[in-house]
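Worth knowing before you read on, the calculation uses all heavy atoms, side chains too, and leaves out hydrogens, waters and symmetry mates. This is a predicted model, so every value here is computed, not measured.
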Amino acid sequence: NGRVNDNKAQLFVLSKDENGNISTLSSSLVKNNIASYLSKYRPINDYLEINDAKVINLSFEIDLFVDKSFNSNEVKVNSLQQLKDYFNIENWDMGQPIYMSQLTDILREVPGVINVSKITSFNMDGGNYSSTLISQANGESTFLPSRVANNVRKTEITLIDNTIYSTPLSMFEVRYPESDIKIRTA
């Protein structure tokens, strides 16, 4: 994503770390290579500034009502896999919002799920998470007991029109799906 101010074009980039997670710290080598490549296509009086975009780390708590004839643990595993696939960063663009109705639809398609009772979303920050908080992260904020040493905080997100909105210069990520997506069944 980018912007143009007078004769300065600003490009905002994200890269991946060695674990495949989004990193907001692109090396100067990467930035220089991008600038060098794009310099062939810019007007003479323009210049290019390459900056790091923002990552917004999310977590979810989900309550499902499950058909009693299905194994609830199996339904949890299948639901988690569907959400991991949905939140794969290869499927996302910067600035793309998250519509909670899409999450509900995905979960309803999992065999054994009768109803999605509740989805609560959180903005994670501190520790190994990004420090970026979105404006919708204005609910209750708590430091996680098991991660206090890392100062990891989760802040409830207040939905607007049942949506979590990003900014044009940021991207959502569920950094640790196995622990950042908690599914309860009834």
Side-chain angles (χ1 to χ4, degrees), residues 1 12-26 52-66 72-142 144 146-147 150 152-185:
N1 273 356
F12 293 84
V13 297
L14 292 169
S15 57
K16 291 183 187 177
D17 65 16
E18 62 278 355
N19 298 319
N21 293 318
I22 301 173
S23 172
T24 58
L25 301 174
S26 300
D52 294 314
K54 304 277 186 200
V55 174
I56 301 165
N57 292 124
L58 301 175
S59 71
F60 296 91
E61 292 178 4
I62 301 167
D63 293 333
L64 301 176
F65 186 65
V66 176
S72 64
N73 285 331
E74 216 172 280
V75 172
K76 282 184 191 180
V77 168
N78 293 337
S79 298
L80 178 61
Q81 186 58 52
Q82 290 299 313
L83 292 173
K84 285 168 66 174
D85 293 345
Y86 177 75
F87 284 114
N88 180 327
I89 60 172
E90 300 298 326
N91 301 328
W92 290 86
D93 293 320
M94 288 197 302
Q96 185 176 349
I98 296 174
Y99 300 106
M100 301 310 278
S101 60
Q102 289 178 339
L103 290 180
T104 301
D105 290 346
I106 288 166
L107 291 166
R108 276 197 203 133
E109 293 296 318
V110 174
V113 173
I114 294 174
N115 190 28
V116 180
S117 306
K118 184 177 180 183
I119 300 176
T120 308
S121 51
F122 300 91
N123 194 161
M124 305 294 287
D125 71 293
N128 291 328
Y129 294 98
S130 146
S131 61
T132 305
L133 287 174
I134 59 173
S135 61
Q136 288 175 258
N138 56 11
E140 184 178 332
S141 187
T142 56
L144 301 184
S146 61
R147 302 176 183 166
N150 293 329
V152 173
R153 176 176 57 166
K154 80 176 189 178
T155 305
E156 189 169 346
I157 294 173
T158 302
L159 301 176
I160 298 172
D161 297 327
N162 211 28
T163 304
I164 304 172
Y165 291 98
S166 184
T167 67
L169 306 177
S170 62
M171 186 170 167
F172 291 122
E173 175 189 48
V174 178
R175 190 165 187 89
Y176 306 107
E178 300 291 336
S179 60
D180 289 340
I181 300 174
K182 293 184 177 35
I183 299 173
R184 294 181 296 253
T185 58

Where do V75 and V113 land on the side chain to side chain contact (heavy atoms under 4.5 Å, CB included) test, with the steps shown first?
CA-CA 7 Å; V75 172; V113 173; 3.6 Å; yes
Where do [X] and [Y] come nearest, in terms of heavy atoms and distance?
X    : Y    : answer
W92  : Y86  : NE1-O, 2.9 Å
E156 : T120 : OE2-CG2, 3.6 Å
A53  : L169 : CB-O, 3.4 Å
I183 : L80  : CD1-N, 3.6 Å
S79  : L64  : OG-CD1, 3.5 Å
M94  : L14  : SD-CD1, 3.8 Å

Do [X] and [Y] have side chains that approach each other closer than 4.5 Å (heavy atoms only, starting at C-beta)?
X    : Y    : result
I22  : M171 : yes
D180 : M124 : yes
L58  : S121 : no
T185 : N73  : no
Y99  : N162 : no
N88  : N91  : yes
L83  : L103 : yes
T132 : D125 : no

Please indicate whether K54 has more than 12 foreign heavy atoms, meaning atoms of other residues, nucleotides or ligands, lying under 6.0 Å from its NZ.
no
For Q96, I'd like to know if atom CD has over 12 heavy atoms of other residues, nucleotides or ligands within 6.0 Å.
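Yes, enclosed.
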Interatomic distance, [X] atom [atom1] to [Y] atom [atom2] [nearest 0.5 angstrom]:
X    : Y    : atom1 : atom2 : value
L133 : S130 : CG    : OG    : 8.0 Å
I157 : T155 : CD1   : OG1   : 8.5 Å
Y165 : S170 : OH    : OG    : 14.0 Å
F172 : I89  : CZ    : CD1   : 14.5 Å
D93  : S166 : CG    : OG    : 10.5 Å
E61  : I119 : CD    : CD1   : 12.0 Å

Short side-chain to backbone donor-acceptor contact, [X] and [Y], under 3.5 Å:
X    : Y    : answer
D63  : K118 : no
N123 : I134 : yes
T104 : M100 : yes
T163 : D161 : yes
Q136 : T158 : yes
R175 : N128 : yes

Test I62 against L107 for side chain to side chain contact (heavy atoms under 4.5 Å, CB included), laying out the working first.
CA-CA 10 Å; I62 301 167; L107 291 166; 3.8 Å; yes
With a 6.0 Å cut-off on the ring centroids, do F60 and F87 count as close?
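Between F60 and F87, the centre distance is under 6.0 Å.
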Is E140 salt-bridged to K154, cutoff N-O under 4.0 Å?
no
Give a yes or no on whether a salt bridge exists between E173 and K16, defined as a side-chain N under 4.0 angstrom from a carboxylate O.
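So E173 does not pair with K16 through a salt bridge.
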Side chains of N78 and E74: donor-acceptor distance under 3.5 Å anywhere?
no
